[in-house]
Amino acid sequence: MSEDDALQSAEIRQQKLAEILSNTVPEFSQEKRSSKREAMLKTWFKALTNYATVAPYDVVESYRGLLIQACSQAILRGSSSEQYAGCRVLESMAVLIGDHD
């Protein structure tokens, strides 16, 4: 794989991540069903761990506040499986961003 192919592949992964986050993050706070919120959290974890591969992580950084808020809500009020999924998303964000929040 050439360097150009690698860069193009990384751009495609970043676009997928941005698409997933933009389509699901705003809906999280309005979703009433725990199973649906848990599915969103699992989708975010998969997207963060599979598609966020290029530093700087501008896409993740732009959704950081909303993701932290959603995960905090899941941890405080969700079912045990939703709490676990929220922790996993925060874990993956901490590894990617490396911030102390």
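- For Lys46, the side chain to side chain contact (heavy atoms under 4.5 Å, CB included) partners at least two apart in sequence or on another chain are Asn50.
- For the pair Leu48 and Met93, the minimum side-chain heavy-atom distance is below 4.5 Å.
- Ser92 and Arg88 form no side-chain donor-acceptor contact under 3.5 Å, judged by distance and modelled atom types alone.
- Of the inter-residue distances, the one linking Asp58 atom CG with Ser62 atom OG reads 7.5 Å to the nearest 0.5 angstrom.
- Cluster membership check: Val95 does not share its hydrophobic cluster with Ile68, using side-chain heavy-atom separations under 4.5 Å among Ile, Leu, Val, Met, Phe, Trp and Tyr.
- Here ring-ring contact (aromatic ring centres under 6.0 Å, His included) pairs that include residues 8-44, with residues two or more places apart or in two chains, are Phe28-Trp44.
- Tyr63 and Ala18 get closest at one heavy-atom pair: OH-O, 4.3 Å.
- Among residue pairs with one or both ends in residues 72-82, those qualifying as salt bridge (Lys or Arg N to Asp or Glu O under 4.0 Å) are Arg37-Glu82; sequence neighbours excluded.
- Under the side chain to side chain donor-acceptor pair (under 3.5 Å) criterion, Gln83 pairs with no residue, sequence neighbours left out.
- In this structure, CD in Glu38 is found 13.0 Å from NZ in Lys36, a value given to the nearest 0.5 Å.
- Gly86 and Cys71 make their closest contact through O-SG, 3.6 Å (heavy atoms, listed as atom of the first residue, atom of the second, distance).
- When all heavy atoms are compared, the tightest approach of Cys87 to Ile75 is SG-CD1, 3.8 Å.
- In the hydrophobic clustering of ILVMFWY residues, with side-chain heavy atoms under 4.5 Å counting as a link, Leu66 and Tyr51 come out together.
- Note: Met40 CE to Glu27 CD = 5.0 Å, rounded to the nearest 0.5 Å.
- For residues 66-93, the set of pairs meeting the ring-ring contact (aromatic ring centres under 6.0 Å, His included) definition, not counting sequence neighbours, is empty.
- Between Gln14 and Val59, the closest heavy-atom pair is NE2-CG2, 4.1 Å.
- Looking at residues two or more places apart in sequence or on another chain, you find a side chain to side chain contact (heavy atoms under 4.5 Å, CB included) between Thr43 and Ile20.
- A distance of 10.5 Å separates CG in Leu96 from CD in Glu91, rounded to the nearest 0.5 Å.
- Counting heavy atoms from C-beta on, the side chains of Val60 and Leu17 come closer than 4.5 Å.
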